[in-house]
There are 2 protein chains.
Amino acid sequence: MPVAKGSTIDPARTRAAVLEAATPVLYERGLDGIGVAELCARIGVSKETLYRHFGTKDGLVQAILEARSERLTGWLTEAVAAAGDAPHDQLAAVFDALQRWYERPAFRGCAMVNASAQHHDDAVRAITARHLDRYLDLLTGIAARAGAADPGALGRQLLMLVEGATIVAAHHRTADTAGQARHAALTLLSAASAPDPP
Amino acid sequence: MPVAKGSTIDPARTRAAVLEAATPVLYERGLDGIGVAELCARIGVSKETLYRHFGTKDGLVQAILEARSERLTGWLTEAVAAAGDAPHDQLAAVFDALQRWYERPAFRGCAMVNASAQHHDDAVRAITARHLDRYLDLLTGIAARAGAADPGALGRQLLMLVEGATIVAAHHRTADTAGQARHAALTLLSAASAPDPP
DNA sequence: CTTAGATCGAACCGATCGGTACGATCCCTG
DNA sequence: CAGGGATCGTACCGATCGGTTCGATCTAAG
């Protein structure tokens, strides 16, 4: 889908349009799976414009990953907020949201994790680390509100479930991955917040 | 570490040596992070030899991933076998083995999952899918021996924990990731094999 | 209407890529 | 000792890569 033309020449708007159009292409093809020339042709923009706004292919990639991380965590945060006050329901909402993501035909796993597997670039790894930290904050908050004895540890366990479910969903498209992950997460939540058995 | 020279000229041995020497280099640098020329220089073999044995860079990559998947699952299978008959101990042994992997300085996540994130090549994706199936068989077996009501579902949940722990360990090197994953896995195991609460 | 900046399209650059070819060397086999 | 296959080192190939440059075109602002 080419960048909209004919609209007002507004550099900020052009930059945003390039970002939005390039995101699914690089996600589908892989960061090194498409050259700048073909990418520009696909999104309907000249190389000069792309380089003026992002300086470098890596610069574009980093901008895409930053935006995607914020959009994704914002999306999950809204799902949690819409689930009411019960930590159980909030956690279930996270995996229900993930399920909708996994079902999309274009789903190819977490873009940040994929990018870190491709480039060993420090900037990309930093973006991925921040992304996981955002997830961790969200999950640790749920764990804390549930009264877990060690919310940080439970949060990390839930983070592993989220990332693991994403990996499995990207490679085994058949079964109800998010539903199984949700069941596991709720089991961990209730086990961590229940009073110690005698 | 260059391929050992001076030894008997044995094509099968040369092939195995190339495979072994190239594995850590491609794992560290990424599949597209090093060219064939530099790779050959690093492992001390000529391009002609490499291409005669593997035909293509992709052929080498696939051979490496096949061998690595078998070695890795064999390693975990042995750890399980050495842990005795109790499913609880067998599952704990899996994560203890993972812990030793995560602690290695060269650890960079699962090579098969990383490769699938880089190439969208169907052959590579098939190898990764088989790799996850091997893990799943191992974990489902433990779940079945523990008397889980649905060993397949529990096995998939444990698989998500394994893969998620690997992702988290690759990006957050500080904390005791495998230990936390182990605790979560044992919680899921006991919850799934315990008689239903009244 | 004029002007300055944003964009386009295409040519162009040096570097690197995966893969091939070839003569020289080495080692095992007969 | 003679021959054949495995290996080496190097040169080479066409293609593609990320990135730059430039004149033409367009648009918004003065």
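Since the model is a prediction, treat every value here as computed from it, not as a measurement. Residue numbers start from 1 in every chain, and the chains themselves are labelled A, B, ... in the order their sequence lines are given, proteins ahead of strands.
For the pair A:His53 and C:dA6, the criterion of a side-chain N or O lying under 4.0 Å from OP1 or OP2 is not met. For A:Thr14, a side-chain nitrogen or oxygen approaches OP1 or OP2 of C:dT7 to under 4.0 Å.
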What N/O pairs connect the protein and nucleotides 17-21 of chain D at under 3.5 Å? Give each pair on its own line.
unit_1	atom_1	unit_2	atom_2	d
D:dG18	OP1	A:Lys57	NZ	2.5
D:dG18	OP2	A:Val36	N	2.7
D:dG19	OP2	A:Tyr51	OH	3.1
D:dG19	OP2	A:Lys57	N	2.8
D:dG19	N7	A:Lys47	NZ	2.6
D:dG19	O6	A:Lys47	NZ	2.3

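In this structure, the separation between CZ on A:Arg71 and OG1 on A:Thr23 is 6.5 Å, given to the nearest 0.5 Å. A distance of 10.0 Å separates CG of B:Leu154 from NE2 of A:His183, quoted to the nearest 0.5 Å. Atom NE2 of A:His53 is separated from atom CD of A:Glu48 by 10.0 Å, given to the nearest 0.5 angstrom.
B:Leu50 has its CG atom 14 Å from the P atom of D:dG9, to the nearest Å. Atom-to-atom, CZ of B:Arg52 to C1' of C:dG19 comes out at 14 Å; the value is rounded to the nearest Å. Rounded to a whole Å, the CZ atom of B:Arg29 is 13 Å from the C1' atom of C:dT16.
Between the A:Gln62 side chain and the A:Ala123 main chain, no donor and acceptor come within less than 3.5 Å of each other. Under the 3.5 Å distance criterion, the side-chain polar atoms of A:Thr128 are matched with a main-chain donor or acceptor of A:Met112.
B:Arg182 and B:Gln99 are not linked by any side-chain donor-acceptor pair at a separation below 3.5 angstrom, with hydrogens and angles left out of the test.
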